[in-house]
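Working notes, beginning with the structure itself.
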Amino acid sequence: MSGQGSKRVAVIAGDGIGPEVVESALEVLRAAGASLDLVHFEIGLGRWKRTGEAMDEDDLEEISGCDCILLGAITTPPDPNYRSVLLRLRRALDLYANIRPFQSHDLDFIIVRENTEGLYSGVEEVGVEESRTLRVITRRGSERIAEAACDLTARRRRLTIIHKSNVLRSDRLFLQTCREVAERRGILYEDMLVDAAAYNLVTNPQRFDVLVTTNLFGDILSDEAAGVIGSLGLCASANLGKSRALFEPIHGSAPDIAGKGIANPVGAIRSAAMMMRWLGELEAAGRMEEAVKRALAAGVRTPDLGGRCSTSEVTGAVAGYLMAKES
Ligand code: NAD
């Protein structure tokens, strides 16, 4: 699908259902007429098992030279010698803003998760009797994630700042900084404790518009939100830095269904649409999103949504809508 002046996209299919859903995303990108220069990387658990390294510095350098990354999913084994590929990529490219939109027939909200600090700071002491993980909250980190959330809220209704500042004193800095940014930007905002947010997401999800929160809270609330809209398999995400970006479905490698041909490809397809939007291909992105909506509305669904379709049937239906529009 490459052409002159094409953007360079690093493709990391990864492990488990990763390659299955990335193949779907690439088929839909082709059907949308995308002109991209794809560079494929074999990175993840499979490579680690073969070579003892999931990703090396040469990969990192080559990936850094690409415009953006499309990723499937990577299995993280519970082995202390394994270094998480995603955390390394997020740190190396400083992909600080994790944007996770959730849409269904009656819901439409976005979780903006800080991606580089909080309880994922990597500052840990592991002992036999006692282990510690340092929760790092900085003004700079809070400010830039609040700015990213306000950018999105400026085109929408209201920002909700999610925190636990009644117990975690580190969250007072996060809350205060987010408030300051929202006030300076003239954004309508409220704040909410994370436990109340978890409850409201299930009982009254319509009340939310844009939510901004720290790393671990964002991770957990997003899986909850995915359950509320119907399946992890539906949800996409962007990991944004100042000049680089990584797009991936929010689900993992789902070893329980890998190889069965039933993984829901919609999260990966929607991630590819987010990538096209970021690359400035707004028209193609819009058509991809519309084609997904049409396929779901027509009942073309994988088993996680109660349907009977395979991954390739859903992919074929989405690509079919796109090609019908092309002609
Ligand atoms: P998971 O997201 O892989 O799966 C959770 C459940 O959701 C499973 O029952 C799975 O079958 C289902 N599911 C997930 N995606 C689906 C899809 N597209 N279609 C249909 N059903 C789907 O989470 P897990 O089982 O906790 O993690 C498995 C592995 O993935 C772990 O090694 C974890 O570290 C890794 N992981 C990777 C990423 C990533 O690469 N971004 C994210 C989360 C987890």
Side-chain angles (χ1 to χ4, degrees), residues 10-25 27-28 41-49 54-55 63 69-91 93 95 98-100 102 104 111 113 115-116 120 215-216 218-240 245-272 274-275 292 295-296 300-315 318:
V11 179
I12 304 175
D15 306 305
I17 61 169
E20 302 170 37
V21 296
V22 163
E23 193 182 310
S24 297
E27 184 177 329
V28 171
F41 291 84
E42 194 223 335
I43 282 174
L45 183 68
R47 157 107 166 259
W48 183 73
K49 281 185 176 157
M55 171 174 74
I63 290 169
I69 306 161
L70 182 64
L71 185 138
I74 292 179
T75 303
T76 304
D79 184 317
N81 297 317
Y82 187 90
R83 291 170 66 203
S84 163
V85 167
L86 260 172
L87 288 187
R88 280 174 73 192
L89 282 170
R90 284 175 185 161
R91 286 221 187 96
L93 304 176
L95 304 173
N98 192 336
I99 313 290
R100 298 182 155 187
F102 296 92
S104 66
I111 295 181
R113 165 189 169 193
N115 227 4
T116 55
Y120 293 59
N215 211 336
L216 178 65
D219 195 0
I220 297 170
L221 290 180
S222 324
D223 271 32
E224 187 190 353
V228 169
I229 70 153
S231 169
L232 265 177
L234 288 172
C235 307
S237 77
N239 298 264
L240 306 180
L246 181 154
F247 300 86
E248 55 168 343
I250 76 167
H251 61 74
S253 57
D256 54 337
I257 57 164
K260 295 187 178 162
I262 54 166
N264 190 339
V266 167
I269 295 170
R270 284 179 163 159
S271 302
M274 286 181 89
M275 178 181 85
V292 166
L296 291 174
V300 184
R301 295 167 186 221
T302 40
D304 54 309
L305 295 172
R308 288 165 171 239
C309 295
S310 64
T311 309
S312 60
E313 283 166 339
V314 174
T315 309
V318 175

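Whatever order the structure lists them in is the order used to number ligands and atoms, beginning at 1. What's counted below: heavy atoms across the whole structure, side chains too, no hydrogens, waters or symmetry copies.
Only side-chain heavy atoms of Asp304 come within less than 4.0 Å of ligand 1; its backbone N, CA, C and O stay farther off. Contacts between Leu232 and ligand 1, counted as non-hydrogen atom pairs separated by less than 4.0 Å, involve the side chain only. Of all the heavy atoms of Asp256, the ones lying under 4.0 Å from any atom of ligand 1 belong exclusively to the side chain. Neither the backbone nor the side chain of Ile262 comes within contact range of ligand 1; no heavy atom lies under 4.0 Å. The proximity of Pro265 to ligand 1, defined as any non-hydrogen pair under 4.0 Å, does not occur for either the backbone or the side chain.
Looking only at side-chain heavy atoms (C-beta outward), Arg301 and Leu296 come within less than 4.5 Å of each other. Between Ile229 and Cys235, the closest side-chain pair of non-hydrogen atoms falls below 4.5 Å. Counting heavy atoms from C-beta on, the side chains of Trp48 and Val85 never come closer than 4.5 Å. Between Pro265 and Thr302, the closest side-chain pair of non-hydrogen atoms falls below 4.5 Å. Put simply, the side chain of Ile12 does not reach to within 4.5 Å of the side chain of Met55, judged on heavy atoms. Between Leu86 and Leu71, some side-chain heavy-atom pair lies under the 4.5 Å cut-off.
For ligand 1, the atoms closer than 4.0 angstrom to any heavy atom of Leu86 are 39 (C), 40 (O), 41 (N). Counting the atoms of ligand 1 from 1 in the order shown, those under 4.0 Å from a heavy atom of Ala263 are 19 (N). Against a heavy-atom cut-off of under 4.0 Å, Ala254 is close to the following atoms of ligand 1: 3 (O), 10 (C), 11 (O), 14 (C). Close approach to Ile17 involves these atoms of ligand 1, each under 4.0 Å from a residue heavy atom: 15 (N), 16 (C), 17 (C), 18 (N). Contact atoms of ligand 1 toward Ala73: 40 (O) (distance under 4.0 Å to a heavy atom of the residue). Close contacts of ligand 1 with Gly233, meaning ligand atoms under 4.0 Å from a residue heavy atom, involve 17 (C), 18 (N).
For atom 19 (N) of ligand 1, the protein comes within 4.0 Å by at least one heavy atom. Contact annotation for atom 32 (O) of ligand 1: protein present (non-hydrogen atoms, distance under 4.0 Å). Closer than 4.0 Å to atom 40 (O) of ligand 1 lies at least one heavy atom of the protein. Atom 12 (C) of ligand 1 is not flagged as protein-proximal [any protein heavy atom, distance under 4.0 Å].
In terms of polar-atom proximity, defined here as any N/O pair under 3.5 Å, Thr76 does make such a contact with ligand 1. By the 3.5 Å distance cut-off applied to N or O atoms, Pro255 is not counted among the residues near ligand 1.
One distance of note links CD of Glu23 with CD of Glu27; it measures 7.5 Å at 0.5 Å rounding. With values rounded to the nearest 0.5 angstrom, Leu93 atom CG is found 7.5 Å from Ile63 atom CD1. The OG atom of Ser253 lies 8.0 Å from the CG atom of Leu45; values are rounded to the nearest 0.5 Å. One distance of note links CD1 of Ile69 with CD of Glu248; it measures 9.5 Å at 0.5 Å rounding.
Closest approach of Val22 and Ala13 over heavy atoms only: CG2-CA, 3.9 Å. Summarising the geometry of Pro303 relative to Cys309, their closest heavy-atom pair is CD-O, 3.5 Å, with the distance given to 0.1 Å.
With salt bridges taken as basic N to acidic carboxylate O contacts below 4.0 Å, none links Arg100 and Glu224.
Judged by distance alone, with hydrogens and angles left aside, the side-chain atoms of Asn115 form a donor-acceptor pair with the main-chain N or O of Leu95 at under 3.5 Å.
Contact annotation: Thr302 has no heavy atom less than 4.0 Å from any atom of ligand 1.
Summary of contacts: the protein heavy atom closest to atom 35 (C) of ligand 1 is Ile74 O, 3.4 Å. For atom 14 (C) of ligand 1, the closest non-hydrogen atom on the protein side is His251 CB, 3.6 Å. Taking atom 29 (C) of ligand 1 as the reference point, the nearest protein heavy-atom neighbour is Ser253 OG, 3.2 Å. Ranking the protein heavy atoms by distance from atom 22 (C) of ligand 1 puts Ile257 CD1, 3.9 Å first.
Among Gly14, Gly252, Ala226, the residue whose heavy atom sits closest to atom 43 (C) of ligand 1 is Gly252.
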